[in-house]
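Step one of this worksheet: look at the structure below.
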Amino acid sequence: MVFEYDILVIGAGHAGCEAAAAAANLGKKTCLVTIDMNKIAQMSCNPAIGGIAKGQIVREIDALGGYTGIITDKASIQFRMLNRSKGPAMWSPRAQCDRMKFSQYWREALENIPNLHIWQDMATQLIVENGKAVGVKTQTGAEFRSVCTIITAGTFLNGLMHIGKVQIEGGRVAEPAAKQLTESITKHGITAGRMKTGTPVRLDKRSIDMTLVEIQEGDNDFHSFSYTGTKRNLKQLPCWGCYTNPEVHKILRDSLDDSPLYNGQIQSIGPRYCPSIETKIVTFAERDRHLLFLEPEGETTQEIYVNGFSSSLPMEAQLTALQKIPALRNAVAYRPGYAIEYDYFDPTQLSHTLESKIVENLYFAGQVNGTTGYEEAAGQGLIAGINAALKTDGKEDFVLRRNEAYIGVLIDDLVTKGVDEPYRMFTSRAEYRILLRSDNADTRLTEKSYRIGLATKERYERLQQKREKIEALKQFIENFSIKANLINEGLVALGTTPLTRGCKLSAIIERPQVTIETIAVYIQALKRELEKLGNDRDEIVEAAEIEIKYSGYIEREKELAEKMMRLENIRIKDKFNYNGIESLSTEARQKLTAINPETLAQASRIPGVSPSDINVLLVLARK
């Protein structure tokens, strides 16, 4: 039987869900193919969303009209804003979620989007005709035809799980691997490789001595992931911390001969920034303890995720080692940790829209592009879904630049630099991170999404109101003059130097010891301005304060971004035969030929392309 669609999405993980939702909400008849409808948006590893830089990506997804932020807020059982001791460029939201409710809320959202259908089956063959992807065939014999196809298969492509010497084919515990699909893709010239990730043991909370762990409470303020005002209605729970010890390390070390990571059983590359516990004790042999976080997996369930103890060691070694931790001496496991190897595709063979440069109308998003993390996957899925939908209408590509979004940084890194290990986003990867803060994702992106028809009118109007309120508050603060004798008592109380003469209120707000809210206690006119803000007061005040306090840094980064934009505007794709330009270095010729960058700025970010190579291309481009 043959089914006809505009957009076909293979895989219902975090990338697939965002891709399918975006395409359908842009009016395209869309089908999401998944092996198991009960595992839609499954949190395969950590039951959490966000974290350093990842939280910014989720806020960007929400600002663009995606769903991850809304569903995270609904399923949240603990929320924290990380890095509050640092500047706002580093603030990153993170939430523990109820794993089952997260998946449930995603499925409910998808099943109620017009134009979106779900089909439970396994895709086994990509159909390519005349160099274009035109659909897939499935395990049940169904054939799906589409204008564009998006591959978001996560860790399922030829997935192989390792628990000591035990090897189990699968894409996730108790779920089958996707066979044949990789081979049907690579035969068209697309390069594939193997990567590895892992997950820790899950414990029964009732078997843990909670008197011997450190409690970690969440935040209870106005911050959230979604700009829509979605509330956290589930019971808020703490997390807990404990430490490994030398006894634990000895058991683990004695078991290394049975470790797939160290006995040659696993050949592929794992994530550098999320190492297994056996990698930690080898790499940091001088340390006699490592911090473990015990994280709840549900509001009412007992399952505990042992963050920091990812392992592929034999299950006996895992459990015996954990039981040497005093709080876990009677620990009972639901299942052991395991490593998983899976196929990914070289992302340098993609354009910034995430469309393949080799097979037209074929898009890739998520871990199949060599990334790790739900957030990176969801961001890619959203962009792939948007661009596939736009392409069916012959519309202009939707691409985010590095100075516009962390998602732009992520995709540019992937398609320009490629990956030699699972890619994880950090704030340090973004050269314009003061511009890409978690508080301003909507002001950066919602209008762009509204123009292409994804962000709703309600979102856009909410943004306009927010902008007006922020600007009005800033104008008041920048224009309001304050006399020294009327404010000095307050300044002393706040631990800052009193004034010798009057000044604008903005000069006082710029002081690190002063906030808008704390100084408003001493300035009635400011207090009245804040009272006008209503329910959005906290959000508006924070945004205005950041823009006032960091205005110098923000303006400087804008200037740097504008300078780089000059190179971004010089398009060089398909304009040069790089192998024929002898003044380029040999490495530059090879890299430029392989990647065929869109712009001179992208060329400048390719590893192996030097500033002198860029100068050569600049001269040639001007000619």
Side-chain angles (χ1 to χ4, degrees), residues 48-64 68-69 72 79-95 219 221-227 273 373 375-376 378-379 400-413 423-448 463 466-467 470-471 473-474 477 506 509-517 538-565 568 601 605:
I49 291 288
I52 306 302
K54 293 169 175 280
Q56 282 91 321
I57 290 176
V58 178
R59 295 220 91 195
E60 290 173 356
I61 291 168
D62 186 77
L64 289 165
T68 299
T72 298
F79 182 91
R80 294 182 67 210
M81 183 65 77
L82 306 182
N83 279 345
R84 285 306 296 266
S85 62
K86 300 179 180 179
M90 308 296 284
W91 297 353
S92 301
R94 182 183 188 274
D219 298 341
D221 61 13
F222 71 95
H223 289 106
S224 63
F225 275 103
S226 179
Y227 292 96
Y273 301 105
E375 304 82 4
E376 291 91 339
L400 297 174
R401 299 182 187 275
R402 296 182 71 91
N403 65 317
E404 292 176 328
Y406 271 92
I407 296 173
V409 175
L410 163 66
I411 293 174
D412 186 65
D413 280 352
Y423 179 101
R424 180 176 179 175
M425 178 55 72
F426 292 101
T427 51
S428 58
R429 295 191 190 272
E431 59 270 45
Y432 306 116
R433 56 185 172 273
I434 296 175
L435 304 181
L436 309 182
R437 306 183 308 275
S438 63
D439 67 280
N440 71 346
D442 57 342
T443 60
R444 289 186 274 123
L445 301 174
T446 296
E447 187 170 350
K448 291 178 181 292
L463 168 65
K466 176 181 174 179
R467 280 175 167 166
I470 292 171
E471 191 56 35
L473 181 57
K474 284 174 59 183
I477 290 171
S506 58
I509 300 298
E510 287 172 359
R511 298 187 180 190
Q513 303 90 343
V514 178
T515 69
I516 292 175
E517 291 285 5
D538 291 332
E539 183 180 3
I540 302 303
V541 169
E542 179 180 83
E545 188 168 294
I546 289 171
E547 291 187 15
I548 292 169
K549 283 183 179 292
Y550 296 90
S551 59
Y553 298 102
I554 291 170
E555 288 305 313
R556 185 173 65 184
E557 275 206 356
K558 283 181 178 177
E559 290 175 7
L560 291 173
E562 286 169 3
K563 288 180 181 178
M564 181 55 70
M565 279 296 293
E568 293 285 4
R605 295 189 289 270

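Positions are given from 1 along the sequence.
The side-chain heavy atoms of Lys54 and Glu376, taken from C-beta on, include a pair separated by under 4.5 Å. Within the 4.5 Å cutoff, the side chain of Tyr432 has heavy atoms near those of the Leu560 side chain. Under the 4.5 Å side-chain criterion, counting only non-hydrogen atoms from C-beta, Asn403 is not in contact with Met564. Residues Asp413 and Arg402 have side chains in contact (heavy-atom distance under 4.5 Å, counting atoms from C-beta outward). The shortest side-chain heavy-atom distance between Phe222 and Glu542 falls under the 4.5 Å cut-off. Contact annotation: the side chain of Ile548 approaches that of Ile477 to within less than 4.5 Å [non-hydrogen atoms, C-beta and beyond]. Looking at heavy atoms from C-beta onward, Val58 lies out of side-chain contact with Asp62 at the 4.5 angstrom threshold. Here the side chains of Glu60 and Arg444 are in contact, with some heavy-atom distance below 4.5 Å.
Salt bridge present: Arg605 and Glu568 bring a charged side-chain N and a carboxylate O closer than 4.0 Å. Ion pair Glu559/Arg556 not flagged as a salt bridge, since none of the NZ, NE, NH1 or NH2 atoms sits closer than 4.0 Å to an Asp/Glu carboxylate oxygen.
The two residues Tyr406 and Ala430 make their nearest non-hydrogen contact at CE2-CB, 3.7 Å. Considering all non-hydrogen atoms of both residues, Gly51 and Leu82 come closest at CA-CD1, 3.8 Å. Of all heavy-atom pairs spanning Pro88 and Ile546, the tightest one is CB-CD1, 3.7 Å. When all heavy atoms are compared, the tightest approach of Lys549 to Ile509 is NZ-O, 2.6 Å. Ala48 approaches Arg94 most closely through the heavy-atom pair CB-NH2, 3.6 Å.
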Report task. Quick one: do Glu375 and Thr68 satisfy side chain to side chain contact (heavy atoms under 4.5 Å, CB included)? Show the steps, please. Result -> CA-CA 8 Å; Glu375 304 82 4; Thr68 299; over 6 Å; no
Report task. For Leu64 and Leu400, run side chain to side chain contact (heavy atoms under 4.5 Å, CB included): C-alpha distance rounded to whole Å, both residues' side-chain angles, the deciding distance at 0.1 Å, then the answer. Result -> CA-CA 11 Å; Leu64 289 165; Leu400 297 174; 4.1 Å; yes
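Not one N or O on the side chain of Ser438 forms a donor-acceptor pair closer than 3.5 Å with the backbone of Gln56. A donor-acceptor contact shorter than 3.5 Å links the side chain of Asp221 to the backbone of His223. A donor-acceptor pair under 3.5 Å links the side-chain atoms of Arg467 to the main chain of Thr443, judged by distance alone. A donor-acceptor distance shorter than 3.5 angstrom exists from the side chain of Asn440 to the backbone of Leu435, with no hydrogens or angles considered. Judged by distance alone, the side chain of Tyr227 and the main-chain N or O of Leu463 form no donor-acceptor pair under 3.5 Å. Without hydrogens or angle criteria, Arg424 side chain to Tyr273 main chain gives a donor-acceptor distance under 3.5 Å.
The distance from the OG atom of Ser92 to the CE atom of Met425 is 11.5 Å, given to the nearest 0.5 Å. With rounding to the nearest 0.5 Å, the separation of OG in Ser85 from CE in Met90 is 9.5 Å. Atoms CD1 and CD1, on Ile470 and Ile540 in that order, are 4.5 Å from each other to the nearest 0.5 Å. The OG atom of Ser506 sits 13.5 Å away from atom CD of Glu547, with the distance rounded to the nearest 0.5 Å. If you take NZ on Lys86 and CH2 on Trp91, they are separated by 13.5 Å, rounding to the nearest 0.5 Å.
The side-chain contact (heavy atoms from CB on, under 4.5 Å) with Thr427 is formed by just one residue from the set Leu436, Val409, Asn83, Ile52; it is Ile52. Under the salt bridge (Lys or Arg N to Asp or Glu O under 4.0 Å) rule, Asp442 has a single partner from Lys466, Arg59, Lys448, which is Lys466.
Taking the ring axis of Tyr423 as reference, the NZ or CZ atom of Arg429 stays within 45° of it and closer than 6.0 Å to the ring centre.
Relative orientation of the Phe225 and Phe79 rings is perpendicular, given thresholds of 30° and 60° on the angle between their planes.
With a 6.0 Å radius and a threshold of 12 heavy atoms from other residues, nucleotides or ligands, Tyr553 has its OH atom at or below the threshold.
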